[in-house]
Amino acid sequence: MNIAIASDHGGFELKSVLANALAEGYKILDKGPSDKASCDYPDYAIAVAKSVASGEADFGILVCRSGIGMSMVANRFQNVRAAICATTDAATVTRQHNGANVLCLGADVVSPNYAVEIAKAFLTTPVDESERHARRRWKLERAERLSDCSGLMHDDPEVFAAIEAQTKQEDAEINLIASENTSSRACREAAGSVLMNKYAEGYPGKRWYSGCLPVDAAEELARKRACELFGAEHANVQPHCGSSANMAVYFATIDPGDTILSMSLDQGGHLSHGSPVNFSGKLYNIVPYTVDRGTERLDYDALERQALEVKPKILLAGASAYPRTIDFKRIREICDKAGCIMMVDMAHIAGLVAGGAHPSPVPYADFVTTTTHKTLGGPRGGMVLCKEKWAKALDSAVFPGMQGGPLENIIAAKAVCFREWMSPEKKGYAQQVVKNCQVLCKTVQDRGYRIVSGGTDNHLFLVDVKSTKGITGKEAAAALDAAGIVVNKNTIPYDTESPFRTSGIRVGTASVTTRGMKEGEMIKIGTWIADVLDNVADASVQERVKREAKELVSGFPVP
Ligand SMILES: *Cc1c(COP(=O)(O)O)cnc(C)c1O
């Protein structure tokens with residue numbers, strides 16, 4: 001077991017006594033100082049806190065005259081819990097209850113012999129893992145998620161208030177918005193980091209500015225991990241969002257006026273796939289494809305006929321509201337026959353692909369674009385994966401083609417997100433998202449609601465509230481919102497309502513699964529959804545569901 005130890009000049013002698021006494025049985029990492037000359041205690045407390053926070057050391061010991069200054073510094077670090085102990089009892093209790101991992105001792109407070117006894121008590125007492133102590137330690141570390149930005153409380157209380165309100169809202173609601181998720185603290189730390197200070201036009205190793213070694217390292221990690229995670233030949237992690245990732249592919253491959261065959265927006269496509277109000281619809285000749293009227297699923301034979309007739313430059317697969325598995329192998333065949341570029345926008349399903357819960361488009365497609373914040377659960381941003389032969393064209397389309405300096409802080413957070421996906425638990429998460437979605441969907445369906453295409457294979461489903469209850473998606477979403485359940489109104493294939501009213505709602509399970517909810521909770525939530533939609537005008541139902549939902553979410557804290 002490793003113990004990082006340090007002191008200031010006032011604690012130097014006691015530190016030497018402790019290091020000698022503990023050398024038998026522990027590996028001592030002496031973080032200084034090496035003599036009694038006057039020094040600044042924060043420098044040494046930081047060294048020990050870093051060692052413990054990073055996992056280099058299992059425990060830390062810090063000595064100054066009182067132990068107080070040392071503990072103040074160490075406790076500013078996430079996952080460091082520093083305790084000043086003047087008795088062996090205090091050392092035992094703080095280990096058991098608080099899970100303290102740094103012992104702070106006052107050279108003026110305890111004798112050297114007793115200090116050694118305290119240290120031994122501290123190092124040999126196990127943490128009490130019972131529920132109530134675990135819960136309190138968790139609250140301590142989480143600090144209501146406000147410690148991420150606690151400096152703002154003083155520096156800009158108005159902006160802080162907005163962040164606090166979002167934090168509380170996330171805690172209190174059941175978020176079923178299919179395009180949202182909740183990022184990890186590690187992602188948020190990278191996204192809020194000093195990497196945002198750096199201008200880095202260009203790519204790692206070939207920048208237009210000096211001083212890019214640190215951001216080069218971060219971007220290289222993001223590129224490498226993206227390729228490893230998805231089995232891609234090349235990754236560009238600079239696009240600021242999913243729409244700009246798509247723009248980059250168009251710019252890299254075709255000219256204004258060229259034809260793109262893409263899924264129509266009102267059937268589940270995306271704005272950046274050619275909506276007339278979007279740059280994509282303004283610059284390119286967009287031909288939309290649709291789902292089959294009867295099955296509400298893609299009809300690959302019809303798509304093949306259309307591709308052969310239209311002869312697009314790009315066939316774009318992928319959607320924002322398609323609840324079924326997409327057959328990428330079949331789409332590759334169509335592209336080969338039609339002689340066009342195969343582009344897949346996996347923004348919604350990227351996490352399912354990363355976790356093996358949806359077949360990957362990467363082996364088939366020339367380009368795969370994605371966002372990093374939907375099922376992937378990372379920072380808000382975009383990315384393009386492509387075959388090596390397109391790498392150069394893609395990179396110059398992003399920069400200098402359409403963007404200036406990349407957001408290196410966000411790129412670092414993307415790297416963090418990709419690494420999280422390499423763990424087996426995260427792969428299990430992707431499977432759970434789909435299981436949860438199927439149970440939630442079935443619960444609503446069993447209450448008589450028509451589900452578009454009859455069910456779901458992925459993280460989302462669409463409820464046709466119009467044909468089931470004669471209400472619009474807008475009304476349904478508002479009633480659910482009043483009950484603490486957040487979804488969005490959504491058009492369904494061949495919708496007769498306007499996009500502002502819609503006949504459907506879209507429901508997704510990425511965020512609730514991130515909170516740890518499973519099938520049992522999905523049955524409860526599905527029942528509440530049906531209760532509210534059965535009685536959209538009944539405020540008392542909304543009140544009751546809101547109460548019960550609040551109770552449920554309190555057991556599933558946001559990370
Ligand atoms: C969400 C989404 C995007 C765009 O994402 P932004 O980051 O909001 O630009 C692109 N394509 C699809 C299919 C999406 O669902």
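One-based numbering, in listed order, for ligands and for the atoms of each.
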May I ask you to say whether [X] pairs ionically with [Y], meaning some side-chain N is under 4.0 Å from a carboxylate O?
{"X": "Lys313", "Y": "Asp255", "value": "no"}
{"X": "Lys469", "Y": "Asp464", "value": "no"}
{"X": "Glu170", "Y": "Arg145", "value": "yes"}
{"X": "Arg223", "Y": "Glu220", "value": "yes"}

| Should the pair His358 and Phe328 be assigned to parallel (<30°), tilted (30 to 60°) or perpendicular (>60°) ring geometry? |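 Judged by the thresholds at 30° and 60°, the geometry between His358 and Phe328 is tilted.
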I'd like a table of the close N/O pairs between ligand 1 and the protein (anything under 3.5 Å), one pair per line with both atom names and the distance.
unit_1: ligand 1; atom_1: 7 (O); unit_2: Gly242; atom_2: N; d: 2.9
unit_1: ligand 1; atom_1: 9 (O); unit_2: Gly242; atom_2: N; d: 3.4
unit_1: ligand 1; atom_1: 9 (O); unit_2: Ser243; atom_2: N; d: 2.9
unit_1: ligand 1; atom_1: 9 (O); unit_2: Ser243; atom_2: OG; d: 2.8
unit_1: ligand 1; atom_1: 11 (N); unit_2: Asp345; atom_2: OD1; d: 3.4
unit_1: ligand 1; atom_1: 11 (N); unit_2: Asp345; atom_2: OD2; d: 2.5
unit_1: ligand 1; atom_1: 15 (O); unit_2: Ser320; atom_2: OG; d: 2.8
unit_1: ligand 1; atom_1: 15 (O); unit_2: Lys374; atom_2: NZ; d: 2.8

| request: Report yes or no: is the cationic atom of Lys282 (NZ for Lys, CZ for Arg) under 6.0 Å from the centre of the six-membered ring of Phe279, at an angle within 45° of the ring normal? | output: no
